[in-house]
Amino acid sequence: MPDPAIEIRGLRKRYGTFEAVSGVDLTIPTGEVFALLGPNGAGKTTTVEILEGYRDRSAGEARVLGVDPARGDAAWKSRIGIVLQSTGVFDALTVEEVIAHFASFYPRPLPLERVITMAGLEEKRQARCKSLSGGQKRRVDLALGLVGDPELIFLDEPTTGFDPAARRQAWEVVREFTRTGKTVLLTTHYMDEAEHLADRVGVIVAGQLIEVGTPREIGGRAAAVAHVRFRAEGTLATAPLPAMPGRVESGPPIVAVATGEPTATVSALIAWAASLGVSEIPELSVTRPSLEDVYLRLIEEHSDAATREGAA
Amino acid sequence: MTADNAIRTDAAPRGGNIRQVIRLSIARTGMELRAFYRTPELVFFTFLLPVLFVVIFSTVFSGVIRGPAGESVGFPQYFVAGMIAAGVVSTTFTSLATTISIERSEGLLKRLAGTPLPRSSYFIGKVALATITSAIQAAIILAIGALLYGVELPTGPVPWLVFTWVFLIGVASCSLLGVAYTRLIPDGSSATAIVQPPYLTLQFISGVFFQYSEIPPWLKFVASLFPLKWMVQGFRYVFLPDWVAVDDYGGEWHMERVAAVLVAWTVAAFVLSLVYFRWERPGDR
């Protein structure tokens with residue numbers, strides 16, 4: 001088993017009396033796409049910037065590609081790629097010039113053509129950066145992070161400001177990048193982005209990593225209670241509901257049943273409706289909590305817990 | 001940046017590092033020049049401002065300065081040295097302090113710091129751009145002075161050699177001072193406001209706009225602490241007869257002091273840059 005791409009133990013960062021990161025442990029194996037989620041000010045960016053070598057840590061251990069990021073030299077930097085949130089000042093230069101210039105910093109850069117194609121900038125290669133839209137500038141940022149052919153890439157909110165089509169395209173770029181066994185650490189506010197890209201997600205709140213798991217399972221999502229909903233109209237509104245393995249939470253008119261066995265619940269409902277002469281149950285749906293629901297619940301639980309602790 | 005090559009086996013050998021620094025410094029210089037000449041307002045003001053100064057000065061003050069034995073030099077001849085020196089400060093100190101602060105605010109420095117680009121290459125590119133623009137600017141000032149206002153250019157290699165060393169150490173000291181000065185600039189948008197006052201003040205007290213002998217002694221003392229006065233003095237040696245030094249500089253040109261002060265500032269500014277330059281925006285730690 002190869003060394004993990006990122007390994008951190010007891011990571012802390014203090015600014016005066018404020019602790020932005022308070023004891024984070026995390027291992028990201030090589031080849032994984034890991035998404036760090038969390039509200040603004042939770043310590044996401046601080047954690048990532050410590051790993052990128054931009055900030056010193058106050059305590060704890062960190063290894064990025066086997067190197068302490070506080071001591072990363074040029075050889076180490078040529079193995080990582082950083083896509084930053086803010087765009088630099090390249091107004092007077094063309095897209096192609098900027099990418100070629102950054103490529104010249106690296107010992108083994110990707111071919112220019114390939115980077116431009118990956119970032120979807122073929123049409124804009126001769127354009128001055130000044131003339132680019134926000135989304136196009138972001139694609140240049142993405143290209144600059146990839147051009148050195150890094151083993152590990154840091155993506156800080158990679159698609160903020162993208163239109164939906166451009167986001168899909170950016171996700172394709174990231175997927176293509178990871179297909180060759182490379183590692184990605186991503187921060188994002190978009191749950192669909194984490195769900196599309198990440199093998200695992202971690203939720204960071206108040207400087208602590210409170211939950212780590214796959215997008216499907218995090219926060220007990222896979223085993224979580226499902227909701228069966230339908231609109232009770234006509235005879236369905238007046239007849240008593242059948243026996244179901246679940247608890248009726250609301251309705252009519254919109255009946256919501258919270259259940260651990262949605263299939264059995266739906267079967268019971270179909271049989272019940274058929275017995276009343278209704279072959280199509282209006283607006284019937286089965287939903288499980290979305291990643292966003294789980295994320296919001298985790299943050300709420302955590303801040304409740306923190307409040308209780310503070311009061312005690 | 002922590003230098004810790006000893007414990008890393010994949011670090012490039014020393015010679016390779018130096019070749020890398022040279023190669024990337026050339027690449028940075030190319031990008032700086034390209035970005036400069038593609039920004040018309042920058043080119044225009046860099047080269048137009050000194051031209052305006054020469055034209056306005058030579059037109060408004062059309063008198064002469066008289067020597068002890070009845071000799072005289074025209075105002076254009078007298079002030080051309082100060083114009084060149086002030087132009088150097090503008091294209092090096094002012095321009096570097098401003099652009100580096102803006103590039104730091106805009107996140108370019110952070111972005112470069114995350115790549116294997118040697119940090120020295122960034123600064124070498126900046127100083128190379130400042131040297132080239134300063135040289136072009138000096139050439140324009142001299143050409144306009146000579147063609148339109150009868151400024152006499154020295155003949156023979158010695159004055160031009162002196163011109164070259166004063167110019168090069170002047171550029172080096174003021175460029176590095178511009179780099180160090182960025183420490184006092186919290187944000188790119190406030191750069192101009194923080195950079196202009198010392199530049200304007202020194203212009204007035206260093207004899208750029210006035211005959212140096214007319215400046216009160218205590219202001220002369222202040223001026224003599226900074227490079228501009230010494231650059232003006234060095235360039236005056238090149239363009240003016242020796243009797244001018246009697247009134248202005250206490251009898252002699254004191255070129256050894258010109259060299260000493262400019263070299264001392266170059267070294268001091270280099271050390272200040274190493275100690276005080278911040279690659280990050282204030283607040284990023």
Side-chain angles (χ1 to χ4, degrees), chain A residues 13-16 20 45-46 49-50 52-58 65-94 97-98 100-109 128-130 140-141 144-145 147-148 150 154 156, chain B residues 1-13 16-17 20-21 23-43 99-122 125 188 279-281 283-285:
Chain A
K13 176 66 181 178
R14 269 184 298 276
Y15 298 113
T45 304
T46 306
E49 291 197 340
I50 290 170
E52 290 167 338
Y54 284 129
R55 289 169 198 245
D56 293 331
R57 57 186 184 270
S58 307
L65 302 177
V67 173
D68 179 346
R71 296 166 179 277
D73 61 1
W76 175 74
K77 284 180 186 171
S78 68
R79 297 167 64 202
I80 64 168
I82 301 175
V83 176
L84 289 164
Q85 246 170 313
S86 50
T87 325
V89 277
F90 307 117
D91 281 0
L93 305 170
T94 69
E97 284 169 345
V98 174
H101 180 56
F102 274 71
S104 74
F105 304 165
Y106 294 89
R108 285 169 300 278
R128 299 273 172 94
C129 289
K130 193 177 192 160
V140 174
D141 295 338
L144 297 183
V147 70
F154 294 97
D156 195 6
Chain B
M1 196 69 254
T2 322
D4 204 2
N5 290 333
I7 61 158
R8 248 181 301 287
T9 50
D10 51 355
N17 284 351
Q20 181 81 339
V21 169
R23 180 177 73 80
L24 291 174
S25 299
I26 293 168
R28 283 300 308 161
T29 306
M31 289 319 262
E32 294 282 3
L33 281 171
R34 205 175 289 191
F36 176 78
Y37 75 68
R38 286 205 194 140
T39 314
E41 61 275 19
L42 207 59
V43 176
T99 56
I100 293 173
S101 306
I102 291 171
E103 289 179 353
R104 184 172 53 198
S105 292
E106 296 270 327
L108 177 66
L109 296 198
K110 182 175 185 180
R111 188 180 291 261
L112 293 176
T115 74
L117 177 79
R119 292 183 179 203
S120 50
S121 292
Y122 171 78
W279 202 262
E280 317 82 28
R281 283 169 280 209
D284 291 355
R285 275 174 295 179

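Within every chain, numbering begins at 1; the chains are lettered A, B, ... in the order of the sequence lines, protein sequences first and strands thereafter. Note that this is a predicted model, so its numbers are computed, not measured.
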Exercise. Is it the backbone or the side chain of B:R28 that comes under 4.5 Å from a heavy atom of chain A, or both, or neither?
Worked result: both

Seminar exercise, completed: In terms of heavy-atom contacts, A:D141 and B:R111 come closest through OD1-NH2, 3.1 Å

Exercise. Highest number of heavy-atom pairs under 4.5 Å with chain A: which of B:L109, B:L24, B:T115, B:L112?
Worked result: B:T115

Exercise. Which pair of heavy atoms, one from A:F105 and one from B:P116, lies closest together, and at what distance?
Worked result: O-CG, 3.5 Å

Exercise. Non-hydrogen atoms of chain B under 4.5 Å away: do they reach the side chain of A:F102, the backbone, both or neither?
Worked result: side chain

For this session: In sequence, state the C-alpha distance, the side-chain angles, and the governing distance for A:T94 and B:R34, and then conclude on side-chain contact (heavy atoms from CB on, under 4.5 Å).
Result: CA-CA 10 Å; A:T94 69; B:R34 205 175 289 191; over 6 Å; no

For this session: Keeping the roles fixed (side chain from A:K77, backbone from B:L117), state whether a donor-acceptor pair exists under 3.5 Å.
Result: no

For this session: Check whether A:I50 gets within reach of chain B through its side chain, its backbone, both or neither, counting any heavy atom under 4.5 Å.
Result: neither

Problem set entry | Interface residue of largest heavy-atom contact number with chain A, from B:P118, B:G30, B:G114, under 4.5 Å | B:G114

For this session: Kindly indicate whether the side chain of A:K130, heavy atoms from C-beta on, has any atom under 4.5 Å from the side chain of B:T39.
Result: no

Problem set entry | Side chain to side chain, A:I82 and B:K110, heavy atoms closer than 4.5 Å | no

For this session: Answer whether the closest heavy-atom distance between the side chains of A:F90 and B:L108 falls below 4.5 Å.
Result: yes

